[in-house]
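The structure appears below as structure tokens.
Please read these numbers as outputs of a predicted model, since none were measured by experiment. Computed from heavy atoms alone, side chains included, the values below leave out hydrogens, waters and symmetry copies.
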Amino acid sequence: MNGPAATATTPPAPAGDVAARATAGFRQRYGGEPAGRWAAPGRVNLIGEHTDYNEGFVLPFALPLRTVVAAAARDDERWTVWSELDDDPVEFGPDEADAPGRVTGWAAYVAGVVWALRAAGHTVPGARLAIASDVPVGSGLSSSAAIESAVLAALVELGGLDLPAERWPRLAQRAENEYVGAPTGIMDQSAVIRGRAGHALFLDCRNEHVEQIPFDLDAAGLAMLVIDSRAPHRHADGEYASRRRSCEEAARALGVAALRDVDVADLDAALEKLPDDETRRRVRHVVTEDQRVLDTVALLRAGRVRDIGPLLTASHASMRDDFEITVPEVDTAVEAALAAGAYGVRMTGGGFGGCVLALVDADSADAVAAAVTTAYAERGFAAPGTVTALPAGGAARLD
């Protein structure tokens, strides 16, 4: 849900700027003042790609980039939502909210939250909502989870709903899976809702246990360079579903509940039981990626932040060669950043486009970004967007 991605390595605009746009939109469309403003961040996944729906481990962190919802309750059981991306508000009532697929486009993420709340037995207040965002759309930074979580926070408070925050991620995931129809795992919503400044969120996707892992880049003299590849998502939905289906079929063939149950020490024996090379490559990625998450967590617990770099790079190689979800723009960014001195670089997100993470010395971020931009120009690609980011907090009311 959002406007243009940030360019250059300047910090993103503070949430207050986005909140001002949401408030201005509310005043212009509805008149009067909103009852409050609620924000939710984008996220990047430090490591652990396509492990979430395999009941494995992930390590995301929330970004300073935010989606803000200015909202107020209304007396009837209807919902009107305006976005700065679309000048025409969308209005829907219970009939549309209760029928997945009736509301489409960006507004489906809002209707999906209403549907999920109602399906869980909550009385959802009618509301007027205005949305502004700095989370770029289509970049693998979870713009969808950001809008879902900001809307959820607003409706829970406006309605005085009895819904503890630890239950929010699963409900927001249901909105995306069952109303919107996107087969995402629990990671995005967990990171967006439960993120903490200066930490990465270690999530066990089987039991939803979370642990906040110290990830203080600033103290280590480091920065995370987020590179928007600007690559269009090529067949992303169908390919994502294909990868998920392949993993589920492999788990059944191996007689396990999920690929998380294949230990890396037993990987070679498991691969011999699979029927074809493509399936073996898919399984090898998931099993080794789970282990890379665990190894990264161990290094961060020990305060060895720079040492996670080779694990990030190995993760990218696995996504490129075994899971086959990268594209030329992404691979070019990874190669250029490594050549410019990054400690580790990997694609983040579901693949087929999106963003790249580069762990760099804070004072070399501009040089690494310039090297990636030069490599893009040499290949004839559109210039990438780059921004440095530190781990931020999760969904919350702003005022």
Side-chain angles (χ1 to χ4, degrees), residues 1-6 12-43 63-74 78-93 96-97 100-117 124-158 172 175-176 179-182 184 188-189 192-193 228 233 395-399:
M1 266 293 312
N2 190 33
D17 293 353
V18 190
R21 301 204 310 265
T23 300
F26 188 95
R27 290 169 178 160
Q28 179 182 357
R29 290 296 154 186
Y30 307 124
E33 296 295 318
R37 300 179 297 184
W38 293 262
R43 69 97 188 96
L63 291 169
L65 300 167
R66 301 265 148 172
T67 293
V68 176
V69 174
R74 54 190 285 176
R78 296 191 67 79
W79 298 270
T80 307
V81 57
W82 169 88
S83 164
E84 63 182 354
L85 282 187
D86 185 351
D87 199 45
D88 295 323
V90 175
E91 183 169 329
F92 58 91
E96 295 88 354
R102 287 285 298 277
V103 179
T104 60
W106 62 267
Y109 295 100
V110 179
V113 171
V114 174
W115 168 82
L117 284 167
V124 185
R128 295 181 177 90
L129 308 102
I131 301 171
S133 181
D134 280 340
V135 184
V137 174
S139 298
L141 302 183
S142 287
S143 58
S144 58
I147 185 174
E148 290 157 0
S149 301
V151 168
L152 177 58
L155 293 178
V156 166
E157 187 166 345
L158 288 175
E176 188 148 352
Y179 194 97
V180 179
T184 58
D188 293 355
Q189 291 81 8
V192 166
I193 290 167
D228 184 349
H233 280 264
R397 179 171 178 152
L398 294 179
D399 53 21

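Summarising the geometry of Gly42 relative to Val135, their closest heavy-atom pair is N-CG2, 3.7 Å, with the distance given to 0.1 Å. The two residues Ala72 and Ala35 have their closest heavy-atom pair at CB-N, 3.8 Å. In this structure, Ala39 and Arg66 approach most closely via the heavy-atom pair CB-CD, 4.1 Å. Residues Ile193 and Ser149 share a closest heavy-atom pair of CG1-OG, 3.4 Å. The nearest pair of heavy atoms linking Ala150 to Ala40 is N-CB, 3.6 Å. Scanning all heavy atoms of the two residues, the minimum distance from Val81 to Ala107 falls at CG1-CB, 4.4 Å.
For Gln189, the side chain to side chain donor-acceptor pair (under 3.5 Å) partners at least two apart in sequence or on another chain are Glu148, Glu176. Taking the side-chain contact (heavy atoms from CB on, under 4.5 Å) definition, one finds that Arg102 meets it with Glu96, Ala99, Tyr179, sequence neighbours left out. Annotation: side chain to side chain donor-acceptor pair (under 3.5 Å) contacts of Glu33 (sequence neighbours excluded): Arg27. For Arg74, the salt bridge (Lys or Arg N to Asp or Glu O under 4.0 Å) partners at least two apart in sequence or on another chain are Asp76, Glu91. Residues forming a side chain to side chain donor-acceptor pair (under 3.5 Å) with Thr23 (at least two apart in sequence, or on another chain): Arg37. With sequence neighbours left out, the side-chain contact (heavy atoms from CB on, under 4.5 Å) criterion links Ala396 to no other residue. In terms of the side-chain contact (heavy atoms from CB on, under 4.5 Å) criterion, residue partners of Ala154 (sequence neighbours excluded) are, by chain and number, Trp38, Val69, Ala71. Every residue two or more places apart in sequence or in another chain that forms a side-chain contact (heavy atoms from CB on, under 4.5 Å) with Asp87 is listed here: Arg29, Trp82. Applying the ring pair (Phe, Tyr, Trp, His ring centres under 6.0 Å) criterion to Trp79, with sequence neighbours excluded, gives Phe92.
With contacts defined as side-chain heavy-atom distances shorter than 4.5 Å, the pair Leu152/Leu117 qualifies. Residues Leu141 and Pro136 form a side-chain contact, since some pair of their non-hydrogen atoms from C-beta on lies under 4.5 Å apart. A 4.5 Å side-chain heavy-atom check between Val103 and Trp115 finds every atom pair outside the cut-off.
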(request) Take Val110 and Ile131, measure what side chain to side chain contact (heavy atoms under 4.5 Å, CB included) needs, and give me the verdict at the end. (result) CA-CA 10 Å; Val110 179; Ile131 301 171; 4.1 Å; yes

(request) For Trp106 and Val137, run side chain to side chain contact (heavy atoms under 4.5 Å, CB included): C-alpha distance rounded to whole Å, both residues' side-chain angles, the deciding distance at 0.1 Å, then the answer. (result) CA-CA 10 Å; Trp106 62 267; Val137 174; over 6 Å; no

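Checked by atom type and distance alone, the side chain of Tyr30 pairs as donor or acceptor with a backbone atom of Thr80 at under 3.5 Å.
Asp134 CG to Leu63 CG: the interatomic distance, rounded to the nearest 0.5 Å, is 11.5 Å.
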